[in-house]
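For the numbers below, each heavy atom of this structure counts, side chains included, while hydrogens, waters and symmetry mates do not.
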Amino acid sequence: SMPRALLASAILALGGVLSSCAMPESYSGEIVGDQRVIEVRAKRFEFSPSVITVREGETVVLKIISEDVMHGFFLDGYETQTTIPPGEIRVLGFMADRAGRFTFRCSMTCGEFHPYMVGNLRVLPNRTYLAGLLLVGLLGVGSLALNGRRKGPRSDRLFGLIPLDARLELTQYRPVRALFKSRWFPLVPVLGTAAVFVVILVSAWRGGSSAGNLNFGVMSVWVLWWVLLMTVFVPVVGRAWCMVCPFPLPGDWLQRGKLVGVGTQKPWGLNRKWPKQFRNLWPVTATFTASTLFLGFFTVTPLATFVLLSVMLLAAVVISLVFEKRTFCLYACPVSGFQGLYANFSACEVRVKDPEICKAHTPKTCYVGNEKGYGCPWMELPFDLNRNTYCGMCLECFKTCPHDNMAFNLRPFGTDLLAARRRTDDVNHRRGLDEAFKSLTMVGVLFAFFVTMQGPHGWVKDMARAASLAEYGLFAGAYVALNFLLVPLLFLAVSYLSKVASGNREVSLTRVFVEFSYCLVPLGLARWASFSLGVFLPNGSYLP
């Protein structure tokens, strides 16, 4: 019952806070007089100890020793730093007068994994952390109480407040619609990103195996572009990056015979259809997982970035010559899958204005094309769109619709997550286990990225950068098991417990598993955004 659920949640929330307060702490170093003295050893690419725990108010003295090359030591929050030549000792003292967890990092480029050479200073008691635990628990209890008081479903409003049908059509303004109908848009932005992409490729190639934080290609892709993708493009505009991505450009040119005007409607390639059993998110889930297995290489080594981007470009061209339209973007691009899934949360959409006009209009030029433009390159039915997952925002439907019945709307965040199923979802086997696993694997991938890039443990970094083949083999095996076994099994267990607690036997466990997975879209997007900012803030200074 609801009272029991509220009581259980309150007990869990309170228990989490009390258990955190009650855990015995082991403090670092030793007390010498009125100071806490701690010896810290630095070597590529870790500090030992990597986690330092002190009491608030103590005077802390760090004796830092470099065991191999020149290292730096910078303590975020306390703005304390020094440099340590190899074999020498530097003494650094400060008053631990700020409670919380702070990151210390190497501030001298010491090799390819230099940006990830970090450790943590814990100044106890960490009141912010305990307050956060309490707040999370109270929010959980509050949400249950709010749902318990409702007498009926409020599916017409987001959070029970914001009308889901609220829209602001940007294309009602003539300059915007004229821009979207022009054949030069989005071609000009695509040509701009293509020019930058060439510079990135040349920079990454010339950078070789040098430290990535000193290379334009590595920094512009894995710091600047990735952060913009996760904090602006996807959450606000959805698949806006797909609109300006340079990868499909050569394939479109080969298929159409023209860049600007409307060329042949008969592609030059084989124009084969992608196998029906793989017209889902399984292929892009596999390519994303496979590519991120090498996170210890392409995010830090210019040549590895060059290889990854070159392989993606070559695959885009080859697939465009064999398969129809934007098959690469839909079913092979590693970046496409999570963009499509997370775009369901975004504040923008491409939709029809009046479905009745579409019903009466034949042929469906938005799908088959006409003299003004091409049929939807993403093989969607623009007149039947109800989610952003498979819409690449190429804007061809604006050019081919003779009734100006397409609209680009601003809307409440997360609207697509509450959209009802349509017949086309069942016909195309969408909103199934493939989308559920995509959301779940994004959780596992993020965990691996966080532990490797922002975690303090050097042995994890050694595994990810293949310090030995055995270590990398263990990393790869654990990585795959985490994404496709551990996280899904934990989620399945929670889904099963929820189904049992509900007493509802009509809804299948698979349905519960899939539907619950969409709650990981806004949560996953928020986690990736915060992680990306955590990479950008300390490393963004390398961009200039």
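Remark: Glu471 engages no residue in a salt bridge (charged side-chain N to carboxylate O under 4.0 Å, His left out) (not counting sequence neighbours). Taking the side-chain contact (heavy atoms from CB on, under 4.5 Å) definition, one finds that Gln81 meets it with Phe74, sequence neighbours left out. Partners of Arg101 according to the salt bridge (charged side-chain N to carboxylate O under 4.0 Å, His left out) rule, which considers only residues two or more places apart in sequence or in another chain, do not exist here. Partners of Ser210 by side-chain contact (heavy atoms from CB on, under 4.5 Å), not counting sequence neighbours, listed by chain and number: Pro302. Residues that satisfy the salt bridge (charged side-chain N to carboxylate O under 4.0 Å, His left out) test with Arg430, not counting sequence neighbours, are Glu380. Shown here are the salt bridge (charged side-chain N to carboxylate O under 4.0 Å, His left out) partners of Lys181, two or more places apart in sequence or in another chain: Asp404. With sequence neighbours left out, Leu214 forms a side-chain contact (heavy atoms from CB on, under 4.5 Å) with Thr109. Leu249 is linked by a side-chain contact (heavy atoms from CB on, under 4.5 Å) to Leu187, Val190, Leu191, Ala194, Leu259, counting only residues two or more places apart in sequence or in another chain.
In this structure, the separation between CZ on Phe102 and CD on Glu79 is 10.5 Å, given to the nearest 0.5 Å. Taking OH of Tyr331 as the start and CZ of Phe278 as the end, the distance is 12.5 Å to the nearest 0.5 Å. Distance check, rounded to the nearest 0.5 Å: CG of Leu75 to OG1 of Thr82 gives 12.5 Å. From Met406, atom CE reaches atom SG of Cys366 across 6.5 Å, with rounding to the nearest 0.5 Å. In this structure, the separation between CG on Leu224 and CG on Leu229 is 11.0 Å, given to the nearest 0.5 Å. Summarising the geometry, atom OG1 belonging to Thr299 is positioned 12.5 Å from atom CZ belonging to Phe294; distances are rounded to the nearest 0.5 Å.
The heavy-atom pair separating Trp222 from Thr305 by the smallest distance is NE1-OG1, 3.0 Å. Heavy atoms only, all atoms of each residue included: Leu341 and Asn344 are closest at O-ND2, 2.8 Å. When every heavy atom of Ala464 is checked against every heavy atom of Thr452, the shortest pair comes out as CB-CG2, 3.7 Å. In this structure, Val350 and Cys391 approach most closely via the heavy-atom pair CB-SG, 4.2 Å. Scanning both residues, Phe437 and Pro488, for their nearest heavy atoms gives CE2-CG, 3.6 Å. When all heavy atoms of Ala466 and Tyr472 are compared, the pair lying nearest together is CB-CB, 3.7 Å.
In terms of modelled atom types and a separation under 3.5 Å, the side chain of Lys399 and the main chain of Ser182 share a donor-acceptor contact. The closest donor-acceptor contact from the side chain of Thr171 to the backbone of Phe408 lies under 3.5 Å. A donor-acceptor pair under 3.5 Å is formed between the side chain of Asn388 and the backbone N or O of Ala343. A donor-acceptor pair under 3.5 Å is formed between the side chain of Arg239 and the backbone N or O of Ser336. Between the side chain of Gln454 and the backbone N or O of Phe531, at least one donor-acceptor pair lies under 3.5 Å. Side-chain N or O atoms of Ser203 include none that pairs as donor or acceptor with a backbone N or O of Ile200 at under 3.5 Å. Under a 3.5 Å cut-off, the side chain of Ser346 and the backbone N or O of Cys348 do form a donor-acceptor pair. Checked by atom type and distance alone, the side chain of Thr287 pairs as donor or acceptor with a backbone atom of Ala332 at under 3.5 Å. In terms of modelled atom types and a separation under 3.5 Å, the side chain of Ser291 and the main chain of Phe288 share a donor-acceptor contact. Checking side-chain atoms of Arg44 against main-chain N and O of Cys110 turns up a donor-acceptor pair under 3.5 Å.
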Inset, instruction - Step by step, work out the side chain to side chain contact (heavy atoms under 4.5 Å, CB included) result for Val521 and Met442. - result: CA-CA 9 Å; Val521 170; Met442 289 300 291; over 6 Å; no
Inset, instruction - Please test Phe338 against Leu525 for side chain to side chain contact (heavy atoms under 4.5 Å, CB included), starting from the C-alpha separation and ending with a verdict. - result: CA-CA 9 Å; Phe338 72 79; Leu525 190 54; over 6 Å; no
Inset, instruction - Apply side chain to side chain contact (heavy atoms under 4.5 Å, CB included) to the pair His429 and Asn280, showing each step before the final yes or no. - result: CA-CA 8 Å; His429 305 289; Asn280 45 51; over 6 Å; no
Inset, instruction - Kindly indicate, with the supporting measurements, whether the criterion side chain to side chain contact (heavy atoms under 4.5 Å, CB included) is fulfilled by Lys372 and Val262. - result: CA-CA 7 Å; Lys372 298 288 185 66; Val262 181; 5.7 Å; no
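Phe185 places a side-chain heavy atom less than 4.5 Å from the side chain of Met243. Under the 4.5 Å side-chain criterion, counting only non-hydrogen atoms from C-beta, Pro250 is in contact with Leu313. A 4.5 Å side-chain heavy-atom check between Cys242 and Met393 finds every atom pair outside the cut-off.
Taking the six-membered ring where the residue is Trp, Phe233 and Trp241 present tilted rings, their angle falling between 30° and 60°. By the 30° and 60° cut-offs, the orientation of the rings of Phe247 relative to Phe197 is perpendicular. Classification of the Phe113-Tyr116 ring pair by plane angle, with boundaries at 30° and 60°, yields perpendicular. Ring orientation note: the planes of Trp205 and Phe306 are tilted relative to one another, at an angle of 30° to 60°.
Side-chain rings of Tyr78 and Phe104 stay apart, their centers remaining 6.0 Å or farther from each other.
Listed by first and then second residue, the ring-ring contact (aromatic ring centres under 6.0 Å, His included) pairs that reach into residues 380-399 are Phe180-Phe398, sequence neighbours excluded. Within the structure, the salt bridge (charged side-chain N to carboxylate O under 4.0 Å, His left out) test picks out no pair touching residues 199-214 (sequence neighbours left out). Residue pairs that meet the side-chain hydrogen bond (donor to acceptor under 3.5 Å, both in side chains) test with at least one member in residues 522-541, sequence neighbours left out, are Trp226-Ser532. Contacts classified as salt bridge (charged side-chain N to carboxylate O under 4.0 Å, His left out) and involving residues 433-443 (residues at least two apart or in different chains) are given here: Arg387-Glu435.
When each of Cys106, Ser107, Pro456 is paired with Met117, the side chain to side chain contact (heavy atoms under 4.5 Å, CB included) condition holds for Cys106 and for no other. Checked options Arg422, Arg431, Arg351, Arg421; the residue passing with Asp416 is Arg351 (criterion: salt bridge (charged side-chain N to carboxylate O under 4.0 Å, His left out)).
Around the NZ atom of Lys353, the shell of radius 6.0 Å holds more than 12 heavy atoms that belong to other residues, nucleotides or ligands.
Relative to the ring axis of Tyr367, Lys325 places its NZ or CZ within 45° and under 6.0 Å from the centre.
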